[in-house]
Every structure is written in structure tokens, then in C-alpha cells.
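Let me begin by presenting the structure, written as C-alpha cells, before commenting on it.
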Amino acid sequence: MNRVVVLGVGMHPFGKYPQKHLKELANTAIWAAIRDAGVEPGKIEAAFVGNCLGGVLLGQESVRGQVILRHAGFQGIPVVNVENACATASTAFRMAWLSVASGVHDVVLAVGAEKMYIGDTARSIQALTMATDVEVAGNMGLQFTALYAMTIRRKMEKYGWKPEDLAKVVEKNSHHGSLNPYAQFRKPLTVQEVLSSRMVADPITLYMASSIGDGAAAAVLCREDLARKWSEKPLVRVAASALRSGQTSMLEARPRESTTWLTAQDAYEQAGIGPEDIEVAEVHDAMAPAELKLYEELGFCPEGEAVRLIREGKTGLQGQIPVNPSGGLCSRGHPVGATGLAQIAEVVWQLRGEAGDRQVRGRNGIPRWGLTQNDGGFVDGDTAATAVHLFQRLD
Amino acid sequence: LDSIQERLFHVPSKEGDEPYLIGNRCRTCGIVFFPPKGGCPRCLREDTLERLPVGKRGRISSYSILHVAPPGFPVPHIQAMIRLDEGPLVFSLLKDVSLEPNAVSIGDAVELCIGEVRKDEYGNPIIGWLYRPVPADRREELG
């Protein structure tokens, strides 16, 4: 297989953009990624375009990728439409990576875009219930807030997590988000503010939950041996790409039985590293307290010790293993089909030392190894899709 | 949603008839599924599955009181994952439970009742599977 680098990344800031169409959000991200890559646009050979809800929310049920790419000025090249619920964009990225790693293409584009503000919040929230087996869960009213709430309730009972621990994750990530110009919510929140915000799905309060949002993110991927021709920036290699569907119980699995654990192990093995090598991580905290569970499932700490990491500040910007320096899903925002590539963009910026006020410090200065973890949907008791990517800065 | 009645659950039609969910079981490995599967994930065979009534009783695996709900659902209401006695983990709503915190607990015994899940956009009831706590005077018979 060819070695693959991320030559460039770009984003449209996440937020509420009632005047902008999906293709305009995507256009900004696509051209920002191409400028960042320094590559001649005509060199792009294919595009893998992720969008989750454009069918039900915008009525654009098919060919969303082609609509986006033609608007951006690209014609003739193969365009593949990708959907994997909230893991849509990381799945599009993986397909792009595969196409270069396999030798089929040299330079390709991965895009994730979502438009959730359509003037009818109830419809947008209801659309999310379709990321389940609709017949047995979505139609029964299953809400992802409730799913996370139920999972977290079990963890609280089993491991002694306190409401303050849940809120502390939000305090940390909202501080990170306040430093991120691409973030949807930039107000830092205190533990007290989080706990006294409205109860949404007991024990999840409003500020612990991600909101609906608009936004887009994109990446240009390229064969490593060609990359030097175009870019003078530090090169960031895709060291591993792992994707699984669920096979256990999200609620009841212990950390080492979880689908995230299995997917992360696939990735660590591919890259020949372990969780102790990771210096920065972007993880799927659609409800911020889920971050605690992910510390254990990604191997950042042993079972039962997640609360120690948050209580001791180990996952903050200056901590041992900074998690969600972008602000995570609750602060940076979670336009579902764009999230995975926003995570990847953040890690690429962090590994290049370009993350500004929210730059993390690795063991020897700028971090060398980064991880992204992105979950999507819920089927048969478990996540529908989990993607883990590992990135390495090359010197 | 009408199509799931008598395909995914049985509605009692006469006195003494009890509701149940329509699952299936793999004859080879014995695992029980709800909703019924088209192939057994352990044996990777599609010809070993037989229909099985399930879900009359179960225990609460976890629950959450929802204070924000999609259209057609009462607010607040309780969503839960139920571990059926036969094994499957099923999403459902809890009925006949006080909305006070700690009115129910993880591990509580519950029983199936068929009833209104929500109202459709025209206000008509949509029927599905719900669970309610097993009354205290009947818990003993369950052990």
C-alpha cells in the first residue's frame, strides 16, 4: 500500500448560517483545504463527499456530492457519496485514504458538510432519530440524548462518576472552544453553570449536549512521495485508518469489550504504536460526559480511572493527553456529517503547530502523534459505525 | 407503523391472551433475538432461526427521564433499555412510573404492555411495546 499524507485541511466555521446553502458551506471548506495543500486544483482526481441529513432536511436525497463539487467548480472527476450517520465525514476520509493507499489515485479530496438549521428545530432533531433502526427505535422515539444519558447513568452507578465530573468535561471543552475561531459556541462555562442549566435527559443537562449546527470541513490527501512537490508545511501522515460497525452493547459493555476499544486496537496495530504514544486526541463527545467513557475505551487510562483524568486536569490543553482541544462536539459544534473531518482538521493543525491559542504541547514540543475517534448512529444496541484515525507528523 | 403489529408484537385479542414480542432464536447456538434476525451473527447461518415469543418480562438496563421530546410524545417521559429475560436488549418507554427521581432503578423487574407510544401528526395513537414495573405483590412469584 502507498503511504498517504494529509496535504491540506480547511473548514467553514461551525454555527448557524440561515442564509447559506449546503454547497456554499462545503465550497468554503473545499477551497480552504486546497489553498492549505498548495496543490494545483486540477491535480485532484476524485472526491469522497460525506453528508448525512441533506435528503430528509433539504430534500436533496441523491447526488449531494456532485451538487457540491459542481458548485465548487469540479467536473468530470469521480464523486462518491458517503453516509455513516455522525461518522459520515471520517468514513469519507477513510474512502479517500483507501483510494490513494491502494494506488488508484494520487491526489483526492474528502469533504464533510451538513446543514441542520432549516428553520424547524423539531424536524432537525427528529431527523437524527433516523440514524437508528427506525422501525424498532426511531419510531419509538429513541433520542440520542437519552441513549447517552442511559449509558452515563450506568457508568455513574458502576464507577462513582459524580454530576460534577460530567460538568467538568464541559468546563474544559468550552474553555478550549472559546479559543477556537471555528467553534460554534465560544462562551466558557463553569461547572456551576453546566449543572444549573436545564435538564434535558436526566442526568444530561442542556450544556452537556451538542446542538444542531451548520458547517463543513475538507481535506486533500496525497501520496507521500509526491507531497513534497507541493507543500512546504510539515507533512502529516495517515498512520492508521480503522472502521467498525457495532457488535456489543453500548450500555453494558466494559471498556475492553466496546466497539471503540476494538476499533482503536485495529488502529494502534496498523500504526505500530499504543495509546501511550498519543499526544492529542479529538473524540466523539456528542454529550460531553461521553468523553470520560472514551478515555477508557481508547486506552488512555485503565477501567474506572476516567474521572481521575478529568479531576486532575490531565486532558486539558496543558495536560498529559489533551482531549478535544477544538472544544469537541458540544463547543466546536456537531453538524453531523462534517464532524469527522473537523476532528481531522484540528489534529492536523495541532501536529503542525498551527492551532494558535489552543495549541497543545506534546512530550517534545509540538505533538507528533494524534488520534481522532468518531461514532455514528445506533443499531441493535450498539454504535452503528466507529472510526479511529491516527496521524503522525513527519520531519 | 401498522405493519409491525403481528410482525414484531402480538396484541391480545381476548381474555387471558397475553401480549408478547415476536423474536426468533438460533436452533444451533440458542441465542435469542428481538427484533428477529435474518441470519445468526454467531453461526453466520440463515437457516437455523425459528420464531419465538419473547419479552413478557425483563429488567431495566438503564433509563432516562426526557424533558425534551419529539413531536407526539408526552413531556416528560421515560426512555429505557430493557434486558428481556430471554436475552435481547430492547429500547422502550416506561409507563406507570412516577417522574420523581429514583422512582425506578437499574435492575428493576418490568413487564410488557402494548399501548400508545405517541400520537401521529393527525393526533391518532401509534401503538407499540411499552414496559411497566411489575407490581410489588407479584414480584415474589418471579423470584
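Everything numeric in this text was worked out from a predicted model, so none of it was measured. Letters A, B, ... are given to chains in the order of the sequence lines, protein chains preceding strands, and every chain is numbered from 1.
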Judged by modelled atom types alone, do Glu100(B) and Asn102(B) share a side-chain donor-acceptor pair under 3.5 Å?
-> no

Is it the case that Glu303(A) and Tyr159(A) place a side-chain donor and acceptor less than 3.5 Å from each other?
-> yes

Do the charged groups of Lys168(A) and Glu171(A) touch, with an N to O distance under 4.0 Å?
-> yes

For chain A, which residues of residues 66-79 of chain B have heavy atoms nearer than 4.5 angstrom = Leu66(B), His67(B), Val68(B), Pro70(B), Pro71(B), Phe73(B), Gln79(B)

With a 3.5 Å cut-off and no angle check, do the side chains of Ser197(A) and Thr205(A) form a donor-acceptor pair?
-> yes

For the residue pair Met156(A) and Lys162(A), establish whether any side-chain heavy-atom pair is separated by less than 4.5 Å.
-> no

Arg244(A) vs Asp266(A) side-chain heavy atoms within contact, under 4.5 Å = yes

From CA spacing to verdict: ring pair (Phe, Tyr, Trp, His ring centres under 6.0 Å), Phe91(B), Trp129(B) = CA-CA 9 Å; Phe91(B) 174 72; Trp129(B) 53 90; 8.9 Å; no

Relative to chain B, which segment of Arg198(A) carries a heavy atom at a distance below 4.5 Å: side chain, backbone, both, or neither?
-> side chain

With a 4.5 angstrom heavy-atom cut-off, could you sort out which part of Leu89(B) is near chain A: side chain, backbone, both or neither?
-> side chain

Salt-bridged, Lys115(A) to Asp214(A), with N to O below 4.0 Å?
-> yes

Any Pro41(B) side-chain heavy atom under 4.5 Å of Phe33(B) side chain = yes

Crowding at CZ, Arg27(B) (>12 non-hydrogen neighbours, <6.0 Å) = yes

Check each atom of Tyr148(A) against the heavy atoms of chain B and say whether the ones under 4.5 Å are side chain, backbone, both or neither.
-> neither

Interface moiety of Glu252(A) toward chain B, non-hydrogen atoms closer than 4.5 Å | side chain

Report the option among Ala146(A), Ala149(A), Ser249(A) that has the most heavy-atom pairs separated by less than 4.5 Å from atoms of chain B.
-> Ala146(A)

Heavy-atom pair count under 4.5 Å with chain B, highest-scoring of Ile152(A), Leu142(A), Ile204(A), Val136(A) = Leu142(A)

Check whether Glu157(A) gets within reach of chain B through its side chain, its backbone, both or neither, counting any heavy atom under 4.5 Å.
-> side chain

Which atoms of Leu251(A) approach chain B - backbone, side chain, both or neither, heavy atom under 4.5 Å | side chain

